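Written out below as structure tokens is the structure these notes cover.
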There are 2 protein chains.
Amino acid sequence: MSQSPQTAPDALAQRLAHSGLRSTPQREVIYDVLLKKRDHPTADEVHARVRTDLPSISLATVYNCLETLVQCDLVRAVNFERGPTRYCPNLRPHAHFHDEQSGSTHDIDLPADLLEKVSAVLPPGYDAKSVEITFRGKALKNSEHRAAGSK
Amino acid sequence: MSQSPQTAPDALAQRLAHSGLRSTPQREVIYDVLLKKRDHPTADEVHARVRTDLPSISLATVYNCLETLVQCDLVRAVNFERGPTRYCPNLRPHAHFHDEQSGSTHDIDLPADLLEKVSAVLPPGYDAKSVEITFRGKALKNSEHRAAGSK
DNA sequence: TTGCTACTTAGAACCATTCCAATTGCTTCA
DNA sequence: TGAAGCAATTGGAATGGTTCTAAGTAGCAA
Ligand SMILES: [Mn+2]
Ligand SMILES: [Mn+2]
Ligand SMILES: [Zn+2]
Ligand SMILES: [Zn+2]
């Protein structure tokens, strides 16, 4: 039962192993990039950011890795009106607010009781596995600052 | 103030006129098709249905007309996870339930007070112009029958 | 009629994403 | 240690819904 001399595997490595998948530099850097700047980047934006660490990573790999992270429930794919898919490492129940002016996307935490009330509108016979709530409108500057989250 | 000898303009013609647009056979038939079978068809599906009346209508025109109807607030464009846009003539406040099994989309009416509660989760500084609520899961057969809405 | 503009049309272009076939890289285990 | 086997990455082609473009058609005003 002795461990290998390497450091203990991080959350990512553990989740991957749990699904029979390997931890790779590409997967790790992509996940780090998502955690570091939580502004719901597109695959292209992730690609650009990851390239500072892995200059030769391909866009296909970025798509593959993002898909893997979504499968492992470490990341949520977020869509808004046929725009490119965005990626979000916030695992708490939350809604998304799309600022029409700036195109930015903000997390809105949702209390559990609200989700219950929302699901309660479903007539009998409807069994929802997930609910998604999306706002569209205008966010004031200071809200943007607060939501940028780099503090 | 005498009207022309034609019949009074229907809701569609009036809305179009209000926006300085013309009522055309293509726009009318497309809107009729949406009203007749409210199953959230894609542009392709609308195209196929409209062709029974207008065999030579182009897909580009279907897209153009659907866009026009959306602009006039007669139809809502509904998106789900990068799938093709679907079109919905239900103007009441409602959510959408996507049945993963069948791929069908059902309207879920929303009481006004729920929409208020949902919007109330927005922190100060967020001004939402619209809220969208989407469920994903499994709907039982009898629900599907009820929601098909042809009766 | 003539002109003006709105509307429709076929097909090209667009673009995010997926697919494909080839390569590279771990990991076993002889 | 090394061959096999499988996982993962890669560049480029293909996909598919949608939008664009340029040309034609049609209603309307003067
Ligand atoms: Mn993308
Ligand atoms: Mn479509
Ligand atoms: Zn988020
Ligand atoms: Zn609907």
Side-chain angles (χ1 to χ4, degrees), chain A residues 3-6 9 12-13 15-31 33 40-48 50-51 53-72 75 77-87 103 105, chain B residues 3-6 9 12-13 15-31 33 40-48 50-51 53-72 75 77-87 103 105:
Chain A
Q3 291 267 124
S4 78
Q6 291 154 216
L12 169 61
R15 289 280 193 126
L16 288 169
H18 182 267
S19 301
L21 302 170
R22 293 180 192 160
S23 184
T24 67
Q26 289 86 348
R27 286 170 179 169
E28 278 169 15
V29 173
I30 285 173
Y31 187 48
V33 153
H40 304 84
T42 64
D44 261 359
E45 289 167 341
V46 170
H47 188 216
V50 163
R51 286 228 236 198
D53 276 351
L54 300 173
S56 64
I57 191 173
S58 73
L59 180 57
T61 297
V62 172
Y63 274 105
N64 291 338
C65 293
L66 288 170
E67 171 68 12
T68 297
L69 295 174
V70 169
Q71 307 283 45
C72 292
V75 167
V78 178
N79 289 104
F80 182 62
E81 280 180 7
R82 301 261 331 155
T85 299
R86 296 173 172 276
Y87 296 88
T105 300
Chain B
Q3 290 268 124
S4 78
Q6 292 152 218
L12 169 59
R15 289 279 193 128
L16 290 169
H18 182 268
S19 301
L21 303 170
R22 293 180 191 160
S23 182
T24 67
Q26 290 86 348
R27 287 169 179 172
E28 279 170 13
V29 172
I30 286 173
Y31 188 48
V33 152
H40 304 85
T42 64
D44 261 0
E45 288 165 342
V46 170
H47 188 216
V50 164
R51 285 229 238 199
D53 276 349
L54 300 173
S56 64
I57 191 174
S58 74
L59 181 57
T61 297
V62 171
Y63 274 105
N64 290 339
C65 293
L66 287 170
E67 171 69 11
T68 298
L69 295 175
V70 169
Q71 307 284 47
C72 293
V75 167
V78 178
N79 290 104
F80 182 61
E81 278 179 8
R82 300 260 335 150
T85 300
R86 296 174 173 276
Y87 296 88
T105 300

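Labels below follow one simple rule: chain letters A, B, ... track the order of the sequence lines, proteins then strands, and each chain is numbered from 1. Worth saying up front: this structure is predicted, and the values here are computed from it rather than measured.
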>> Apply side chain to side chain contact (heavy atoms under 4.5 Å, CB included) to residues B/Leu21 and B/Gln71 and explain how you reach the verdict.
In response: CA-CA 11 Å; B/Leu21 303 170; B/Gln71 307 284 47; over 6 Å; no
> Tell me, for nucleotides 19-30 of chain D in 5' to 3' order, what letter each nucleotide earns: B for a base near a protein heavy atom under 4.0 Å, S for only sugar-phosphate near one, - for neither?
Replying inline: B-------B---
> Looking at D/dT10, C/dT17, C/dC7, which one has an atom nearest to any side-chain atom of A/Thr85?
Replying inline: C/dT17
> When you measure from the side chain of A/His47 to the backbone N and O of A/Ile57, does any donor-acceptor pair fall under 3.5 Å?
Replying inline: yes
>> Could you tell me how far apart B/Glu81 (CD) and D/dG17 (C1') are, to the nearest whole angstrom?
In response: 16 Å
> Out of C/dT8, D/dT18, D/dA8, which has the shortest distance to the side chain of A/Arg82?
Replying inline: D/dT18
>> Rounded to whole Å, please give me the gap between CG in A/Leu16 and P in C/dC26.
In response: 15 Å
>> For B/Asn79 and A/Val62, find the nucleotide of DNA chain D closest to each by heavy atoms; which residue's nucleotide sits nearer the 5' end?
In response: A/Val62
> Considering only D/dT10, C/dC7, C/dT17, which nucleotide approaches the side chain of A/Ser58 most closely?
Replying inline: D/dT10
>> With side chain to side chain contact (heavy atoms under 4.5 Å, CB included) as the criterion, how do A/Glu45 and A/Thr42 come out once you've worked through the C-alpha distance, each side chain's angles and the decisive distance to 0.1 Å?
In response: CA-CA 5 Å; A/Glu45 289 167 341; A/Thr42 64; 3.4 Å; yes
>> Using only atom types and a distance under 3.5 Å, with no angle test, would you say the side chain of B/Arg27 pairs donor to acceptor with the backbone of B/Leu69?
In response: no
> In whole Å, what is the span from the CG atom of A/Leu66 to the C1' atom of D/dT9?
Replying inline: 14 Å
> C/dT9 phosphate, OP1 or OP2: any side-chain N/O from B/Thr61 under 4.0 angstrom?
Replying inline: yes
> Rounded to the nearest Å, what distance is computed from the CZ atom of residue A/Arg27 to the C1' atom of nucleotide D/dT10?
Replying inline: 14 Å
> Can you tell me how far OH of B/Tyr63 sits from OG1 of B/Thr85, rounded to the nearest 0.5 angstrom?
Replying inline: 7.0 Å
> Picking from D/dT9, D/dA8, C/dT9, which would you name as closest to the side chain of B/Ser56?
Replying inline: C/dT9
> Roughly, in whole Å, what's the span from CD in A/Gln26 to C1' in D/dA7?
Replying inline: 12 Å
> In whole angstroms, how far is the C1' atom of D/dG16 from the CZ atom of B/Arg86?
Replying inline: 14 Å
>> To the closest 0.5 Å, what do you measure between CZ (B/Arg15) and OH (B/Tyr31)?
In response: 7.5 Å
> Between A/Thr24 and D/dA7, does any side-chain N or O lie under 4.0 Å from OP1 or OP2?
Replying inline: no
> Whole-Å distance between C/dG11 C1' and B/Ile57 CD1?
Replying inline: 17 Å
> Are any side-chain N or O atoms of B/Arg82 and backbone N or O atoms of A/Asn79, one a donor and one an acceptor, separated by less than 3.5 Å?
Replying inline: no
